[in-house]
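Lettering follows sequence order; numbering is per chain, from 1.
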Number of protein chains: 2
Amino acid sequence: MADLLSVAKLAGVSRATAARAFSSPDLVRPATREKVFNAAQQLAFRPNKVAQQLRSQATQMIGVMVPSLDNPVFAEQLQAMEVAARAAGYSLIVTTSDYSPSREGDIVEEMLRQRVDGLVLTVAEADNSAVLEKLRLEKTPCLLVYNPPGNSGFPSIGVDNRAASADATRHLITLGHQRIGMVAGPLLQSDRAQQRFDGYCHAMGEAGLIARPLVEMARHTQADLKILMTALQGPEALSAVICTNDLLAISLMGELQRAGFNVPGDLSVMGFDGIALGKHLYPSLCTIEQPRADIGRTAVHTLLAMIRGEECTPAPLPHALRQGESVGIPTSRKSTSSTS
Amino acid sequence: MADLLSVAKLAGVSRATAARAFSSPDLVRPATREKVFNAAQQLAFRPNKVAQQLRSQATQMIGVMVPSLDNPVFAEQLQAMEVAARAAGYSLIVTTSDYSPSREGDIVEEMLRQRVDGLVLTVAEADNSAVLEKLRLEKTPCLLVYNPPGNSGFPSIGVDNRAASADATRHLITLGHQRIGMVAGPLLQSDRAQQRFDGYCHAMGEAGLIARPLVEMARHTQADLKILMTALQGPEALSAVICTNDLLAISLMGELQRAGFNVPGDLSVMGFDGIALGKHLYPSLCTIEQPRADIGRTAVHTLLAMIRGEECTPAPLPHALRQGESVGIPTSRKSTSSTS
DNA sequence: TAATACAATGAGATCGATCTCATTTATCAG
DNA sequence: CTGATAAATGAGATCGATCTCATTGTATTA
């Protein structure tokens, strides 16, 4: 409520002096400074950031757009971003796009109007994105998260999805699995899902195994589940599946168990993301762990560097294979020692 | 970059007219309006929200503070808030307090400086909160979420924790459970945990059963788990436990299963919150579902009403008991028909 | 055509903090 | 004690949009 001018008046000095008392106290005589502080105290003065932002042409705000907060991958990344941003004196404006291009557009436009100092985005497809196209013409620093760098022209923070997925596949192969499939959620088109599928294909080929087509579980409907179940039976039955994300892996695992399958006995299930909850399940989820917190922190620090005008070409962050009880030795071999 | 003044110049009109072309087009002659729009187009004019905010003394921003985004309850609530806020033309500044009073204080101060139009907070203890005490003196509308209304003096959005917890307890009792315990996470002191324990005690007493002291699982350490395991054995062994939140229930369930217990065979486990993931687990989590999305939406709408100056005394939102496979008939009765 | 009403536009102040530049006051050396 | 250098302070402009009030312009009617 009370503004600097009132404080200045009460203290008997000019606005300039009052302002200095706060921003550069050493330029003000101690006695004067005290008078100003006292006046500020009495009036419960609280500096108006909006005015500061207008004047300084910098908002100390970062615009964040994630697809959804219902997926813990994004929530966990955001948690880390918030801490890092706050530590640096920045605030986050958080938005969700639901992967909708039109929402993406509206959101970014809105944030640019708000004059955020920088943007951290996760889009559906970085290579073919209207928003990014538009942003290329703007001077506002922009950083992608989770999206592969590709040829979008924007720096990107995340893991090497292809390599990570190949690692996951190799892990299963090492355990003796040969009939390995990959299951994707509704966002088949997402650039990450694509890369993860590539990595899977690569690792399969490398081992002389045949990669199967991506199974799509659009929604967790019964129909989709049946299709998958079918793939789990017969001579060509899968012994392991990799899901393109943990949420999918967890619900798939639940459905399978509910349908009478044993995980990993009948089928090993791997996830991708490394959400915290996966560790506590039983069977615990074997997955590729993306360093979500690290990704969030790095995103903030990189963006701040960009805001300072530094050139940034961040390297992919390291992923890790998190062992878990949801993956085991394939049944065919196991069957010699124990039969269900 | 380009401001209204440049647009006005290029269009050959005054700032006032240019401004009017956007805010009240009908006050401007169509021909003039076109000139302004063309100029704006050419210069890639984008209205500066910061200036509008300063001028209008309203930011159309809502400050949100949650304890953590690592817990899906808050993330899911936030997801709904974001959608509702955006639909109303508001943006969210999102922060996390980690339940730390000092962080709570800093965050709120920061948001007040930012001149947010209102605040939506979830604090550790609403009844004994320094931040709320300070906020009572401010004119900025403030709303609590999840915190029981108590005597904080602020309107609050959430379910009736005591009633919900009693319902959970009665559900178990109805199934035949008698030796029911309650387990809390690290935040014993949280006002919600307290109310949930009260509800449990009430329902137990009502049925003539003895309520046990709250078991604290500070962290998911082995030590804590052993304490709990002990409670599950011997003549006074529990047949069911209610956890004060889903995250805790899920990890407890996992640990129990890993230790060789069967859920719900040996022990029924109930959660509290209703996070989405619980539905997809196996066994699926039986829990009290707080309408997280509804809570988020209602919080935004209520706050907007408060910002408009309306008096608000929101009623508690309805909770629901979500059936789940993690709860079953107590073993003692079951043992007649089948023995492990 | 003159007079009145109303539409369209412009000049200038305002929101709150801060920066530049000019001015005043204090301090030190000679 | 005075001139000179430094320290402290103030006046006013600025950031960008918008509101009030005054003024110019058009239209309607007697």
Side-chain angles (χ1 to χ4, degrees), chain A residues 1-37 39-40 43-61 89 109-117 139-140, chain B residues 1-37 39-40 43-61 89 109-117 139-140:
Chain A
M1 211 83 223
D3 61 345
L4 246 193
L5 183 51
S6 345
V7 172
K9 276 189 200 150
L10 179 57
V13 300
S14 69
R15 279 168 312 166
T17 302
R20 270 186 288 254
F22 291 103
S23 50
S24 359
D26 44 323
L27 289 185
V28 170
R29 205 187 333 176
T32 315
R33 202 188 307 152
E34 277 311 306
K35 280 192 299 182
V36 173
F37 288 167
L43 298 175
F45 169 68
R46 177 174 291 131
N48 186 323
K49 276 221 152 198
V50 176
Q52 294 177 326
Q53 288 163 350
L54 177 60
R55 176 63 229 238
S56 69
Q57 299 289 76
T59 52
Q60 313 245 105
M61 301 208 292
E109 176 62 26
E110 172 70 13
M111 287 177 160
L112 291 177
R113 291 187 175 192
Q114 181 59 62
R115 298 297 192 268
V116 295
D117 290 345
K139 67 297 152 200
T140 305
Chain B
M1 209 86 221
D3 60 344
L4 244 194
L5 184 51
S6 346
V7 171
K9 277 189 200 153
L10 180 58
V13 300
S14 69
R15 280 168 312 170
T17 302
R20 271 186 286 251
F22 292 102
S23 51
S24 357
D26 43 325
L27 291 185
V28 171
R29 202 184 336 170
T32 314
R33 203 188 305 154
E34 276 312 306
K35 283 192 295 178
V36 174
F37 288 166
L43 298 176
F45 169 69
R46 176 174 291 131
N48 186 323
K49 275 222 154 198
V50 176
Q52 293 177 325
Q53 289 164 350
L54 178 59
R55 177 62 229 240
S56 69
Q57 299 289 74
T59 53
Q60 313 245 104
M61 301 208 291
E109 176 61 26
E110 173 70 13
M111 288 176 156
L112 291 177
R113 291 186 177 194
Q114 181 59 62
R115 299 295 192 271
V116 295
D117 290 345
K139 68 297 154 199
T140 305

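Spacing between atom CG of B/D26 and atom P of C/dA8 amounts to 9 Å, rounded to whole angstrom units. What separates CZ of A/R55 from P of D/dG16 is a distance of 10 Å, to the nearest Å. Here D/dG16 presents its P atom at 16 Å from CZ of A/R113, a figure rounded to the nearest Å. Taking atom CG on A/L54 and atom C1' on C/dC15, their separation rounds to 9 Å, with Å as the unit. Straight-line distance from the CD atom of A/Q57 to the P atom of C/dG16: 18 Å, rounded to whole Å. Taking atom CG of A/N48 as the reference point, atom P of C/dT14 lies 17 Å away to the nearest angstrom. Rounded to whole Å, the distance from CG on A/L5 to P on C/dT14 is 11 Å.
Remark: A/Q53 is not in phosphate contact with D/dG16, judged by side-chain N or O atoms under 4.0 Å from OP1 or OP2. When the side-chain nitrogen and oxygen atoms of B/Q52 are compared with OP1 and OP2 of C/dC15, none of them lie within a distance under 4.0 Å.
With hydrogens and angles ignored, the 3.5 Å screen pairs no side-chain donor or acceptor of B/R20 with any backbone N or O of B/V28.
Overall bending of the helix from C/dT1-D/dA30 to C/dG30-D/dC1, expressed as the angle between end axes built from five pairs apiece, is 50° (10° steps).
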Set out, line by line, the N/O atom pairs under 3.5 Å between protein and nucleotides 9-11 of chain C.
residue	atom	partner	partner atom	Å
C/dT9	OP1	B/R29	NH2	3.3
C/dT9	OP1	B/T32	OG1	2.3
C/dT9	OP2	B/R29	N	2.9
C/dG10	OP2	B/S14	N	2.7
C/dG10	OP2	B/S14	OG	2.9
C/dG10	OP2	B/T17	OG1	2.6
C/dG10	N7	B/R20	NH2	2.8
C/dG10	O6	B/R20	NH1	3.4

